2 protein chains.
Amino acid sequence: MTESESEFLESYDPRDYDPVSVTVDVVALTIRDGELHVLLVRRGHAPHAGMWALPGGFVRGVRDAEDLPDAAVRELAEETGLSAKQGPLERIHLEQLRTYGKPGRDPRMRIISVAYLAFAPELPDPEAGGDAADAAWTPVGRLGLTDGGDQAPGTTRRLAFDHARILSDGLERARAKLEYTPLATAFCAPEFTIPELRAVYEAVWGEELHAGNFHRKVLSVPGFVESTGTTSDKAGRKGGPRPKLYRAGDARLLHPALLRPSREEEIR
Amino acid sequence: MTESESEFLESYDPRDYDPVSVTVDVVALTIRDGELHVLLVRRGHAPHAGMWALPGGFVRGVRDAEDLPDAAVRELAEETGLSAKQGPLERIHLEQLRTYGKPGRDPRMRIISVAYLAFAPELPDPEAGGDAADAAWTPVGRLGLTDGGDQAPGTTRRLAFDHARILSDGLERARAKLEYTPLATAFCAPEFTIPELRAVYEAVWGEELHAGNFHRKVLSVPGFVESTGTTSDKAGRKGGPRPKLYRAGDARLLHPALLRPSREEEIR
DNA sequence: ATAATAGTGTCTCTCAGACATTATGTG
DNA sequence: CACATAATGTCTGAGAGACACTATTAT
């Protein structure tokens, strides 16, 4: 760094630059009982006290400055009691979703929110903590989301701020990522069966898949799953042979991809 | 809003919440002479004065609060002299890329940068303005980007901050989007020929495509292009029949997609 | 004339989807 | 036993890629 740059830095006051606040919000998804669930917290403070919202909060910017993904995990842990480094959040997959910064999206002030998307295997029930008055896994089907990202009237859990839109974007991202990445395995235990994997796809895409074709297709994609050589100790609840067990393979992209059936509507 | 919420808002000081500054940076791409170019500006002030960087700057957060895409277009216009509402930037396609917020990415202070990706048809040379000492379309091939998003040593135009990484992410996004969206048409004039469209794909993907197969494929995707019924008045520079002219169609997604050949390396 | 190009046709291989079949478990 | 399920097999049609061919233009 040059001399003039050091001088410059000393005379620099960040607050001259019209600062805004930055938050992270997390769309955490999991599968429970064959249904896709999202982690929601009930807000303990204004604004929107009492409403349900995505877990999230302010990024520590200067004091104890933290990276954005770290902030996402911290807020997730604080508000839901799920411990981060060891325990439930250990095997979580986290990726950035997108950033929401429309003026007026928060009534307090100008807030830019960086949204993250998390995929988790089945986790225990959360416990409210931090600013949250309550926390719970909620079936996304009961939130009445429209294609436009709004909530249908009469929905029991109305989401605060623009969180319905963020959730909607997160769901679409999740649906798309199942097509061309092995991310569905992030919803499964370390060892899983092909029918379990199919249940993940069916829950996220919201439509039933042909069991036979799905099976053959998964095994034909190089690196998607690898055999453990073992067999599950229990069959399906309605009988049938005991399925074989698999692990996630080393592929980062699925080729060929597993495309969703019937998306003619979305093309135009 | 309840009584207590109004009280709450009045007692609220945003600066209690450890504010950070937010910038937008723009990866603006275009095709010139069959080669992919990115718009760069040379920094007029510290830090990194004299180095090349992506156009961008601080978001107006509170006074004249602006939406993030508006900030991106404004910075683009200010630093390059390309006028926004009418003129060169009129037909530009803009989308959010991702957000970069690692502590220390800017030596001044904690800065969160929301990066945007812009696709433009061939534009005039920019003129430096605002904080920029210079501005120019630069062939991305000469920036020596590695797969990891770094720049090879000896590259003439070293990029400031983490802009090499941002550019690298933007290029990968552009390459991927050509596969399943009709975005290549955003690089073309309102009326274009199939060989021109193919030149866009070849420039962005960096590999030659089979002319015959590409032609048939583009026409077979519903809504990708629609015929104007007219024919170009000039042939290719080395002869051949005069190609027919097409417009962008109404498809938002390409089905089936035009997949890149030979990406075996990227799968694992 | 030579060479490059636009556009179309043909062939093969892969893959998705519909359907069938067999073995194996539950109730 | 009746029935659902795991896993595999078969068939068909769509599509990608390789190659060939004709017509048209620049040099």
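Predicted model only: the values in this text are computed from it and were never measured. Proteins get letters first, then strands, A, B, ... in listed order; numbering begins at 1 in each.
- For the pair A/N213 CG and D/dT10 P, the computed distance is 15 Å after rounding to whole Å.
- At the phosphate of C/dT8, OP1 or OP2 sits under 4.0 Å from a side-chain N or O atom of B/H215.
- Checked for salt-bridge contact, A/D169 and A/R173 miss the test: no charged N lies under 4.0 Å from a carboxylate O.
- With DNA chain C read from its 5' end, the first of the two nearest nucleotides for B/P195 and A/K238 is the one closest to B/P195.
- A side-chain donor from one of A/T99 and B/T99 sits under 3.5 Å from a side-chain acceptor of the other.
- With distances taken from any side-chain atom of B/A235 to the nucleotides D/dT8, D/dT25, C/dT24, the minimum falls on D/dT25.
- When the options A/H210, A/K217, A/H215 are evaluated for a side-chain contact (heavy atoms from CB on, under 4.5 Å) with A/N213, the one that passes is A/H210.
- Rounded to whole Å, atom C1' of D/dT5 lies 15 Å from atom CZ of A/F214.
- Considering A/L39, A/V204, A/V38 in turn, A/V38 is the only one that fulfils the side-chain contact (heavy atoms from CB on, under 4.5 Å) rule with A/L29.
- For D/dT25, the OP1/OP2 oxygens have a side-chain nitrogen or oxygen of B/R242 closer than 4.0 Å.
- Per the geometry, CD1 belonging to B/I194 stands 19 Å off P belonging to D/dT24, to the nearest Å.
- Between B/L219 atom CG and D/dA16 atom P there is a gap of 13 Å when expressed in whole angstrom units.
- Distances from the side chain of A/K244 to the nucleotides C/dA6, D/dG15, D/dT8 place D/dT8 closest.
- Note: CZ (A/R216) to C1' (D/dG9) measures 9 Å, nearest angstrom.
- One interatomic measurement links the two molecules: CD of A/E208 to P of C/dG17, which rounds to 15 Å at whole-angstrom precision.
- Separating the CG atom of A/L259 from the C1' atom of D/dA14 is a distance of 13 Å, rounded to the nearest angstrom.
- Minimum atom distance to the side chain of A/R198 is reached by D/dA6, of the listed C/dA4, C/dG7, D/dA6.
- Between the NZ atom of A/K234 and the P atom of D/dA4 there is a distance of 22 Å, rounded to whole Å.
- Between A/K217 and C/dT14 there is no side-chain N or O to OP1 or OP2 distance below 4.0 Å.
- Backbone-only engagement by B/R237 is indicated by non-hydrogen atom pairs under 4.0 Å involving sugar-phosphate atoms exclusively.
- Each of B/A257 and B/H210 lies near DNA chain D, and the nucleotide nearest B/A257 is the one positioned closer to the 5' end.
- When the nearest nucleotides of DNA chain C are assigned to B/P241 and A/L258 by heavy-atom distance, the more 5′-ward of the two goes with B/P241.
- Salt bridge B/R260/B/E172: present, at least one basic N to carboxylate O contact under 4.0 Å.
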